[in-house]
Every structure is written in C-alpha cells, then in structure tokens.
Amino acid sequence: MKNRELAEIFGKMAGILEFKGENPFKVNAYRKASRVIGELGDDIEAIYNQNGLMNIPGIGSGIAKKIEEYLTTGRMSKYEQAAQGVPEGLMELMAIQSMGSKTLTLLYDRLGVESFDDLKRVTEDGSMEILPGLGAKKVENIKRGIKLYAASRGRIPLGIALPIVEGIIAQLKQTKQIFQISAAGSLRRMRENIGDIDILTTGGEGGEIIQKFTQLPQVTQVLAAGDTKGSVILEGKTQADLRVVSPDCFGSALQYFTGSKAHNIHLREIAKNRGLKISEYGVFRDEKRLGGEREEDIYSVLGLSWISPEMREDRGEIEAAIASTLPELVKPEEIRGDLHVHSQHSDGAATIEQIALKARELGHEYIAICDHSQSARYAGGISEDELLEEIREIEGLNQRLDGIRILSGTEVDIRADGSLDYPDELLNKLDIVVAAVHSGFKKNVTVRMIKAMENPNVDVIAHPTGRLISSREGYELDVDRIMARAAETHTALEINSYYDRLDLSDINCMKAKEMGAKLSIGTDAHHVDQLWAIRLGVAVARRGWLEKQNLLNALSLQQLLEFLQRPKPKRG
DNA sequence: GCCGTTTTCGGCCCGACTGTTTTCAGTCG
C-alpha cells in the first residue's frame with residue numbers, strides 16, 4: 001500500500017508550496033489530497049489500475065498524474081523540484097503555535113532559520129524582534145509555542161482524554177450558572193486521539209464560569225481567562241479551552257467547534273451555493289437569522305437530517321445526508337455484552353466472578369472470558385487442563401449468578417504455522433473462540449490468519465491488524481484478503497477497545513462492512529476498571545458507520561448463543 | 001490544483017483575535 005507514502009508526500013508538498021508563497025488554494029488542494037488519500041480504505045494502486053483515481057473526491061487530473069508517476073517510477077518529479085533547496089525539517093516548524101508560513105519565510109530569508117534549534121536561538125538572542133512586523137509579544141508567543149510543542153509533540157489517546165473531560169464536565173455542572181455544557185472538537189467526534197480539549201457552555205455570568213474552570217484542581221497553568229474564553233494546561237500537559245456562548249447560538253457554536261474542519265468547509269460550501277451562510281452564530285439568509293439554537297437547525301436549513309458527530313469527517317456523510325442514505329449508527333445501549341476479557345487465570349487482575357459482577361453493573365447481558373492460550377507464556381497462558389477447569393468454574397458461576405451470563409472462551413494464539421494453540425476438541429467445548437496473532441508479525445500473517453478463519457471453531461479474529469496507535473504499525477497483512485475471507489467463512493473481526501489498539505480502526509470498519517464481514521467488540525480488559533472502555537469500541541464502530549446488524553454484540557444472549565452454535569457456513 | 005443545476009473560467013468557508021500597525025496582515029480554530 002502506497003497510500004501512506006503518497007499522503008505524506010502531498011502533505012509535505014502543501015507545506016513547501018505554502019512556504020514558497022504559492023496560491024493558497026493550490027496549497028489547500030494538496031492538503032486535501034493528502035487527507036483523502038490518507039483516509040482511503042482501499043489500496044490506491046488498485047484504484048489506479050481500475051482507472052479510478054479521478055473518481056476520488058479532491059483528486060483531479062494534475063494530482064492523478066503525479067500519483068501515476070509515483071506508482072510507476074517510484075518518484076515524483078514535481079515534488080522533488082519543489083523540495084529542492086528546502087531544508088529538511090523546516091516544514092515541521094509550522095506546527096508550532098504562532099508560526100505560520102509568512103513568519104517562517106521571514107525567519108528563513110532574513111535570519112537563516114532552518115531548524116528547531118535555530119528557531120529557539122533567534123527567539124532568545126533578540127535577533128527576531130528587529131524584523132519588520134515582529135515585536136516583543138510575537139516573539140513571546142512563539143517562545144510559548146516552542147515550549148508547548150516540545151512538551152506535547154503528539155495527541156493524547158481518546159481513552160485517556162475521555163475520562164478527563166467527563167470529570168471536568170461533572171465538576172463544572174455543579175456550578176449553578178451553567179445551563180448547558182458539552183464537549184466539542186475531536187473528542188466529541190471520538191477520534192482515536194485528541195489534540196486539545198474543547199468544552200462549550202451557556203450560562204449566566206461568563207467570567208465566573210471561566211474562573212471556576214481555571215481554578216479546577218487538574219489545572220497546572222492558566223493561559224487565558226476572559227469573559228467568554230478560558231484556556232488552561234492540565235496535568236499531563238494537555239490544553240483545554242472552555243467557551244461560554246449565548247444560548248441562542250449554542251447549537252451553531254457546538255456544530256462549529258465540533259468540526260471537523262473538512263466537514264464544516266464542505267457544509268458551508270453547500271450553504272453558500274444555496275444563498276445561505278453558516279457561522280458559529282447561526283445560519284443566515286442575507287441578514288435574516290434562520291436558526292442556531294439547536295445543532296439540528298444548521299442541518300435542517302440545508303434540508304439535511306442531523307449528522308452524528310462521529311461521522312463528521314467529510315468521508316461521504318454529507319452526500320449521504322443529501323441522498324437520505326445515512327446509516328442508522330449502532331447505539332451504545334444496543335451493545336449487550338463484551339466479547340473479550342482476561343481474568344487472573346492468565347494475565348488479568350480480577351477473578352471471573354468480579355468481572356461478571358462488574359459487567360452486570362455496566363448493564364451487560366453477557367461477558368466472554370478469553371484468557372491466553374498455553375504457548376503465550378509472557379501473558380500467563382493457561383494449559384489445556386487449566387482451561388477445562390476454567391470452563392467448569394464458569395458453569396458453576398452461571399448457576400449461581402443472576403442477570404449476567406458468562407461465556408467460556410479463549411484468546412487462542414495463531415502459531416507460526418497457522419495452527420491453533422489448543423486442539424479442536426477443546427476449542428469445541430467453548431462458547432466462543434477468539435484467535436489472535438501475538439508473535440511472528442512479519443511471518444505470513446495473512447496466510448496464518450486465513451487458516452485460522454477456516455477452522456470451524458474460530459468465531460472471532462482479535463485485533464486483526466496488530467497496530468498500536470502510539471508505537472507500532474501492525475502486521476504485514478493483506479487486509480483486503482482477510483476481510484474477504486472473514487466474510488466468506490463467517491468469522492467476525494474484532495474491534496479491540498483497548499485504548500492504544502482500537503483495532504480495527506474506523507476506516508477499516510467501514511471497509512469490513514462494505515465487504516460483508518461481521519464485527520465483534522471486545523475490551524481486552526485485564527482489570528474490571530477497564531470494562532467501561534466498551535464505549536471506545538462503540539465509538540470506533542460508529543465512526544466506521546456500523547449499524548446494529550453488523551455487530552455480534554448487538555445480538556441478545558439467546559440470539560448470540562444460537563449464532564455461535566450454528567455451523568459457520570450457516571451463519572450468513 | 002479542484003470543480004461545476006448560476007461557471008470549462010473564476011471562483012475556492014467564516015469570523016475573531018492579536019500584534020503590529022495608522023488601516024491591516026497573519027494566525028487560528
């Protein structure tokens with residue numbers, strides 16, 4: 001797959017052209033191409049071979065030619081020309097707050113700034129302030145930007161950010177002045193990682209609300225505190241902004257601050273074509289305000305139904321809304337259980353009973369205990385006898401406990417030769433079999449996984465791509481073949497909800513759905529305090545446009561058991 | 001560079017804030 005490489009090249013191209021003062025719309029075109037290619041579910045080479053490059057929105061003849069050149073020769077002459085003489089690492093500086101293309105060009109031309117260290121130096125030795133258009137305050141802002149950039153070079157995972165934000169909202173709700181409060185931004189869209197935290201409120205005295213916000217115990221530094229906006233740094237270096245808006249603008253402001261940027265731009269283009277104008281203050285025809293109190297107003301004025309925040313990435317949701325073909329996204333309350341949890345028999349921390357009680361408290365109808373198999377020594381994998389014993393323990397608990405059904409399962413290793421780590425007779429005794437690759441990430445993973453799916457006992461493939469958000473790309477894997485075979489063998493693919501996995505990802509979920517594969521959400525929890533994370537899996541599913549019927553976990557206990565007991569070819 | 005039920009040329013989202021200015025460019029979300 002050359003998708004990632006191409007996305008990166010076009011992204012760099014955009015930066016370079018911006019730096020060189022090219023037409024900003026051209027810059028934007030490259031940036032858009034970079035984003036669209038990066039989010040493409042299919043291999044761009046396959047699309048090219050089917051003559052379909054120009055069908056990708058945002059790809060026209062110019063960029064299509066460049067893609068073709070890259071795919072056939074491995075090079076892109078236009079990019080090489082553009083990049084010539086531009087120091088490596090220069091573009092990175094534009095990610096620093098207050099550093100835009102104009103400032104960068106100025107510093108490069110006049111002071112020879114080419115790197116992070118150069119930039120640091122000129123902010124400190126006073127040489128920057130002398131330049132035209134730059135003063136002491138601007139230099140201060142850049143200094144602060146450098147600090148922030150160095151401190152938090154990345155984004156934080158959704159699974160970390162979500163509890164933080166919900167904690168803040170719960171604390172602020174105790175303030176009587178607040179009428180409405182909601183998270184916005186990428187967190188509300190439930191992206192897998194979050195840049196900074198945005199919270200929107202309406203209420204009485206703005207200054208007082210902001211003050212309450214800046215005085216929260218989690219706050220380590222206050223960046224700004226006015227009447228309508230407060231900005232702070234939290235423990236862990238994340239920035240959080242709180243805005244107070246007037247109630248009649250809450251909907252439009254929420255829509256606006258939720259984004260994504262690409263979604264909003266697309267929406268406004270459509271509005272403009274129809275003689276309307278959308279801003280954070282509402283939707284307008286000429287001077288007349290047509291709505292903005294509720295978020296739905298923005299969409300309904302355009303004749304669209306409300307679009308769930310998780311879908312707002314400009315990945316076709318606006319077109320679907322226009323055509324009235326938006327999917328009915330799976331709802332959190334439609335998820336009946338968790339299909340991948342570890343107990344203390346392998347590397348988990350809790351007993352099966354503790355897990356079951358917590359699951360019941362969370363409203364689950366069922367929970368699948370899937371401990372590691374025997375050769376997974378690093379994870380306390382259990383022997384065949386221990387697994388038999390675990391099955392008996394679960395039978396006992398099921399007789400004793402009401403309101404929750406414990407499913408006996410395993411997370412069985414797919415070994416180097418594609419065989420499974422337990423014999424079929426044993427797997428056959430379990431309610432559910434989840435199979436996973438845990439070693440040999442570069443060794444024939446596709447073939448091994450397909451072999452596992454062809455085993456009649458295997459119900460689910462765990463974390464199918466093996467990626468770790470913070471640190472690992474994933475197995476060398478032919479995702480298309482896996483999904484096709486999963487659909488054919490009626491083997492479900494997992495949405496692993498562990499915060500650093502979220503695997504399958506949103507885009508892969510979309511693709512799995514298109515290819516007719518079923519999905520299964522599992523928290524992979526090793527502790528009862530991780531069971532809440534099923535919400536993250538549901539979020540990924542919703543971002544992947546999944547509906548109830550795409551998910552095993554949306555089946556009732558009765559339906560699920562019937563499904564699992566049916567021979568795989570008859571599960572269609 | 002992309003795109004088209006007002007266009008194959010001439011547009012391309014919107015508004016606020018900041019810091020530097022003397023009417024506005026740059027940056028951001």
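Searching all strands for a Watson-Crick or G-U wobble partner of B/dT8 with both distances below 3.5 Å returns nothing.
The gap from the P atom of B/dC3 to that of B/dT22 amounts to 42 Å, rounded to the nearest Å. For B/dT20 and B/dA25, the C1' atoms lie 9 Å apart once the distance is rounded to whole Å. For B/dT18 and B/dC13, the P atoms lie 25 Å apart once the distance is rounded to whole Å. The same atom, C1', is picked in B/dT8 and in B/dG1; the two are 15 Å apart, to the nearest Å. Taking atom P in both B/dT27 and B/dT21, one finds a spacing of 14 Å when rounded to whole Å. For the C1' atom pair drawn from B/dC12 and B/dT6, the interatomic distance equals 16 Å after rounding to whole Å.
Regarding contacts with the backbone of B/dG11, every side-chain N or O of A/Lys272 stays at 4.0 angstrom or more from both OP1 and OP2.
Separating the NZ atom of A/Lys20 from the P atom of B/dG1 is a distance of 13 Å, rounded to the nearest angstrom. In this structure, the CG atom of A/Asp286 is 13 Å from the P atom of B/dC14, given to the nearest Å. The distance between atom CD1 of A/Ile270 and atom P of B/dT5, rounded to the nearest whole Å, is 11 Å. Between the P atom of B/dC3 and the CG atom of A/Asp314 lies a distance of 12 Å, rounded to the nearest Å. Counting to the nearest Å, the P atom of B/dG15 and the CD1 atom of A/Ile298 are 12 Å from each other. For the pair A/Ile278 CD1 and B/dC12 P, the interatomic distance rounds to 16 Å; values are reported in whole Å. Between the CE atom of A/Met54 and the P atom of B/dG4 there is a distance of 11 Å, rounded to whole Å. In this structure, A/Ile59 atom CD1 and B/dG1 atom P are separated by 13 Å, rounded to whole Å.
A donor atom on one side chain and an acceptor atom on the other are found under 3.5 Å apart for A/Tyr299 and A/Gln255.
One finds a salt bridge joining A/Lys513 and A/Glu547 here, because a Lys/Arg side-chain nitrogen approaches an Asp/Glu carboxylate oxygen to under 4.0 Å. The residues A/Asp117 and A/Lys120 are annotated as not salt-bridged, no charged nitrogen and carboxylate oxygen being separated by less than 4.0 angstrom. One finds no salt bridge joining A/Arg191 and A/Asp506 here, because no Lys/Arg side-chain nitrogen approaches an Asp/Glu carboxylate oxygen to under 4.0 Å.
Closest contact between the side chain of A/Lys78 and the listed nucleotides B/dG15, B/dC12, B/dG1 involves B/dG1. Among the nucleotides B/dG1, B/dC13, B/dC2, the one closest to any side-chain atom of A/Lys26 is B/dG1. The nucleotide whose nearest atom lies closest to any side-chain atom of A/Tyr281 is, among B/dC2, B/dC12, B/dA16, B/dA16.
Of all heavy-atom pairs spanning A/Glu39 and A/Ile507, the tightest one is O-CD1, 3.2 Å. Shortest non-hydrogen contact noted between A/Ala262 and A/Glu313 is CB-O, 4.4 Å.
Backbone-only contact: A/Tyr30 has heavy atoms under 4.0 Å from sugar-phosphate atoms and none from a base. Note on A/Lys66: only backbone sugar-phosphate atoms sit closer than 4.0 angstrom, heavy atoms only; bases stay farther off. At a threshold of 4.0 angstrom between heavy atoms, the contacts of A/Ile63 are confined to the sugar-phosphate backbone, with no base atom among them. At the heavy-atom level, A/Pro57 lies under 4.0 Å from the strands shown only through sugar-phosphate atoms.
Residues A/Gln97 and A/Gln239 have side chains in contact (heavy-atom distance under 4.5 Å, counting atoms from C-beta outward).
Of the options A/Arg188, A/Arg535, A/Lys173, a salt bridge (Lys or Arg N to Asp or Glu O under 4.0 Å) to A/Glu166 is made by A/Arg535 and by none of the others.
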Report summary line: 5' to 3', nucleotides 17-29 of chain B under a 4.0 Å protein heavy-atom cut-off (B base, S sugar-phosphate only, - none) gives --SSS----SSSB
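When each of A/Phe284 and A/Ala64 is assigned the nucleotide of DNA chain B with its nearest heavy atom, A/Ala64 is the one assigned upstream, toward the 5' end.
Residue pairs meeting the ring pair (Phe, Tyr, Trp, His ring centres under 6.0 Å) criterion with at least one partner in residues 69-113 of chain A, sequence neighbours excluded, are A/Phe19-A/Tyr108.
Syn is the conformation of B/dT7, whose glycosidic angle sits no further than 90° from 0.
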